[in-house]
Each structure stands twice: as C-alpha cells, then as structure tokens.
Amino acid sequence: MMDEQKPDEGGQHPGDVVRNVIERIGETLDTTAKTARLSLDIGALNARRNALFQEMGRKVYELYGKSLVRNASLLALCADVAEIDAQVAQKRAQIAELRGQRGKEAPVEEAEEELGIDEDPTAPPTSSDDLSDEEEREVRPPGDKKL
C-alpha cells in the first residue's frame with residue numbers, strides 16, 4: 001500500500017502547505033528586491049535634483065552679483081549669503097593676522113611656490129634662455145660658447 005499524505009486539520013496536504021509557504025516567501029523576496037531597487041532609484045534622482053538646485057542657487061547668486069535679481073525673496077536669500085561671505089572673509093583675515101603674529105615669534109618654513117598646471121618643475125630646460133648664467137656655466141664645458 002502506498003504511503004499517502006493525509007490532509008492536516010485545515011484540509012490541506014502537508015506538501016501543499018510547504019509549497020504555499022515557499023511561494024509566499026518568494027513573492028515577499030521579489031517585492032523586497034523591487035522595493036529596494038526603486039528606493040535606490042529614488043535616492044539617485046533626489047541626489048541629481050539637489051545638485052540641480054545647488055547649481056540654480058549658484059547661478060542666482062552670480063546674477064545677484066551683477067544686480068540682475070529682482071525677486072524680493074531671492075534678494076533676501078542672496079543678501080544672507082553675501083553676509084556669510086563677508087563673515088568668512090573676516091575670519092580668514094583674522095587667521096592670516098594670527099599666522100603673521102606667530103611668524104614674528106618663530107620662523108615659519110616657506111612653502112614651495114605653487115606652479116600652474118602647464119609648468120613642470122622637473123622638466124629640463126628647453127633652451128639656453130631657460131638657464132641662469134650660473135646654471136649655464138655648470139652645464140657648459142669651459143671654452144664652449146653660446147649658440
């Protein structure tokens with residue numbers, strides 16, 4: 001005689017119950033994955049939106065600097081930003097003053113000169129005009145004349 005599955009008290013076979021639970025788990029996982037993907041998309045869209053708002057604000061502030069903003073709300077906001085800029089400039093001046101005072105008390109190492117992006121300090125001179133007289137004497141053998 002074959003071993004048949006007997007229905008449980010709810011009238012379902014145990015195999016059907018397991019199958020239903022697995023299907024519900026699969027549906028839940030699928031929904032969770034889709035929700036997570038959509039949430040990531042929303043986050044990326046909000047980041048792009050915020051970047052656009054930031055760029056719009058930058059442009060409005062540039063127009064404010066050219067006296068081209070006439071909207072009262074925007075004028076007030078731009079004036080607030082200008083006040084913050086003034087405070088930042090004042091604090092930077094205080095920092096510079098403090099560093100200047102400190103420099104009088106103790107020697108401060110000089111920072112190396114910052115060069116533009118087109119200049120390469122390690123590149124050899126391209127002509128004798130790029131050498132100082134002293135450098136040229138070091139490079140040229142005695143008796144060799146400039147070209």
Side-chain angles (χ1 to χ4, degrees), residues 8-147:
D8 64 4
E9 293 176 17
Q12 292 184 343
H13 293 286
D16 292 340
V17 171
V18 170
R19 190 175 312 114
N20 287 339
V21 167
I22 291 174
E23 284 176 7
R24 277 190 253 138
I25 290 172
E27 290 170 2
T28 302
L29 289 175
D30 187 47
T31 301
T32 302
K34 287 178 181 176
T35 302
R37 191 175 321 115
L38 290 170
S39 293
L40 286 173
D41 290 346
I42 289 169
L45 289 168
N46 279 332
R48 281 183 44 206
R49 179 177 182 256
N50 288 336
L52 288 170
F53 277 138
Q54 195 169 24
E55 182 61 25
M56 287 169 31
R58 212 177 345 268
K59 288 188 182 291
V60 168
Y61 193 62
E62 287 174 12
L63 293 172
Y64 171 78
K66 298 174 183 176
S67 299
L68 296 174
V69 176
R70 289 176 181 74
N71 179 288
S73 297
L74 291 176
L75 280 170
L77 291 171
C78 289
D80 290 345
V81 172
E83 175 60 31
I84 291 169
D85 286 347
Q87 291 174 10
V88 168
Q90 181 183 19
K91 297 203 182 288
R92 284 188 176 151
Q94 290 173 345
I95 289 171
E97 183 179 323
L98 289 172
R99 287 183 176 161
Q101 289 174 353
R102 186 188 72 198
K104 292 176 185 172
E105 296 169 6
V108 178
E109 290 184 33
E110 280 191 34
E112 189 174 313
E113 180 183 355
E114 193 170 340
L115 302 174
I117 60 172
D118 293 338
E119 300 174 27
D120 182 3
T122 61
T126 56
S127 72
S128 64
D129 294 337
D130 293 342
L131 297 173
S132 68
D133 289 340
E134 185 178 313
E135 291 171 325
E136 192 164 344
R137 278 191 292 271
E138 289 176 11
V139 174
R140 292 192 183 278
D144 191 13
K145 297 189 179 201
K146 273 189 172 179
L147 297 175

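Just so you know, these numbers use all the heavy atoms, side chains as well, and skip hydrogens, waters and symmetry mates.
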More than 12 heavy atoms from other groups under 6.0 Å of CZ on R58: yes
Heavy-atom closest contact (V69 atom, L74 atom, distance): CG1-CB, 3.7 Å
CG on N71 to CG on L77, rounded to 0.5 Å: 9.0 Å
Separation between CG of D16 and CD of E23, rounded to the nearest 0.5 Å: 9.5 Å
Minimum heavy-atom distance Y64-A79, with the two atoms named: OH-CA, 3.7 Å
Derivation and outcome, salt bridge (Lys or Arg N to Asp or Glu O under 4.0 Å), residues K34 and D30: CA-CA 6 Å; K34 287 178 181 176; D30 187 47; 3.3 Å; yes
Pairwise distance CG(N20) to CD1(I25) - rounded to 0.5 angstrom: 11.0 Å
Nearest-0.5 Å distance, CG of residue D80 to CG of residue D85: 11.0 Å
Pair E55-K59, salt bridge (Lys or Arg N to Asp or Glu O under 4.0 Å): steps then yes or no: CA-CA 6 Å; E55 182 61 25; K59 288 188 182 291; 3.7 Å; yes
